[in-house]
Amino acid sequence: MKAVLFDLDGVITDTAVYHYEAWKALGTKIGIDIDEEFNEQLKGVSRTDSLNLILEKGNKQNAYTEAEKTAMATEKNDLYKTLIEKMSPADLLPGIKNLLDELKAKDILIGLASASQNGPVILDKLQITNYFNEIVDPAKLKAGKPDPEIFVTGAQQLGVNVSECVGVEDAAAGVDSINAANMVSIGVGEAKNLGKATKVVPSTADLTAGLLEDVWSETIG
Ligand code: G6P
Ligand code: MG
């Protein structure tokens, strides 16, 4: 295992709840109810694709112009940005700082493979930017998760083969993306959502460099 590619929201920090809150507020405004079960489909999915899924759910996919949709996505993002405003290193999920330190000590490369355009700002707020050897810019990708492009690009940026990487995700679309990239996948959360991962752990506290290396060598080595 030469590199680990991390998703951000729901893996490094619990911004998944803020995305949910912001989409729920927009949904309420346009008369579309977003519950936790539907929200699972939005995890890992880009801002534009998420809005399209929400409009489809409410049968309103043709109800708005492109300009109106852009305005709605901006409104969601503005609320999201106010929700993440006060984030600090205290918002790192359990075990993550320790894992980053372990990986650094072992000279294992670290990359960010998040669909979020707010990713770099959040890493700064968490004060962990300097752990990351590479950050994939989601704005430059042709296809979002579950397409493998983001994880394949991450491996390329780090200069390693996909078979030398482990990807960590909390979303079904993200696990599918890692698997389609032919990488070993670790899902953090419930097996009912992440059953396709090479290994599922219930909490980020379970993520250690040793666990990732063991899963990688049992699968690849
Ligand atoms: C992550 C989150 C999604 C979010 C996407 C885009 O993948 O899991 O919920 O929609 O990033 O985030 P952004 O911050 O660019 O709107
Ligand atoms: Mg996520």
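Along the sequence shown, residues carry numbers from 1. Ligands are counted one by one from 1 in listed order, and the atoms in each one are counted from 1 as well.
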Contacting atoms of ligand 1, where contact means under 4.0 angstrom from a heavy atom of Gly44: 2 (C), 3 (C), 7 (O), 8 (O)
Out of Asp9, Val45, Val11, whose heavy atom sits nearest atom 4 (C) of ligand 1? Val45
Identify the two heavy atoms, one from Ile34 and one from Trp23, that lie closest to each other, and give their separation to 0.1 Å. CD1-O, 3.2 Å
Minimum-distance N/O/S atom that Asp170 presents toward the Mg ion (ligand 2): OD1
NZ/NE/NH1/NH2 to OD/OE distance under 4.0 Å, Asp7 and Lys145: yes
Which atom name does Asp9 have for its N/O/S atom nearest to the Mg ion (ligand 2)? O
Counting backbone and side chain alike, does Glu169 bring an N/O/S atom below 2.8 Å of the Mg ion (ligand 2)? no
Find all atoms of ligand 1 within a distance of less than 4.0 Å from any non-hydrogen atom belonging to Gln117, and give their numbers and elements. 13 (P), 14 (O), 15 (O)
Under-4.0 Å salt bridge between Lys199 and Glu218: no
Residues that Lys104 engages under side chain to side chain donor-acceptor pair (under 3.5 Å), provided they are two or more places apart: Asn133
Under 3.5 Å between some N or O of ligand 1 and some N or O of Asp7? no
Counting only heavy atoms not in Lys2 (residues, nucleotides, ligands), do more than 12 fall under 6.0 Å from its NZ? no
Any idea which N/O/S atom from Asp7 gets closest to the Mg ion (ligand 2)? OD2
Measure the shortest side-chain to side-chain distance between Gln157 and Thr153 over non-hydrogen atoms and say whether it is less than 4.5 angstrom. yes
Please check whether Lys145 reaches ligand 1 - meaning an N/O of the residue sits under 3.5 Å from an N/O of the ligand, judged on distance alone. no
Could you report the tightest heavy-atom contact between Lys69 and Tyr64, atom names first, then the distance? CG-CB, 4.0 Å
Under a 4.0 Å N-O cut-off, is there an ion pair linking Glu21 with Lys24? no
Heavy atoms only, cut-off 4.0 Å: how does Leu8 contact ligand 1, side chain, backbone, both, or neither? neither
Are any of the N/O atoms on Arg47, whether in the backbone or the side chain, positioned under 3.5 angstrom from an N/O atom of ligand 1? yes
Can you name the atoms of ligand 1, numbered from 1 with element, that are less than 4.0 Å from a heavy atom of Ser50? 10 (O)
In ligand 1, which numbered atoms sit nearer than 4.0 Å to a non-hydrogen atom of Asn118? 13 (P), 14 (O)
Heavy-atom nearest pair, Val45 first then Ser50, reads O-OG, 3.1 Å
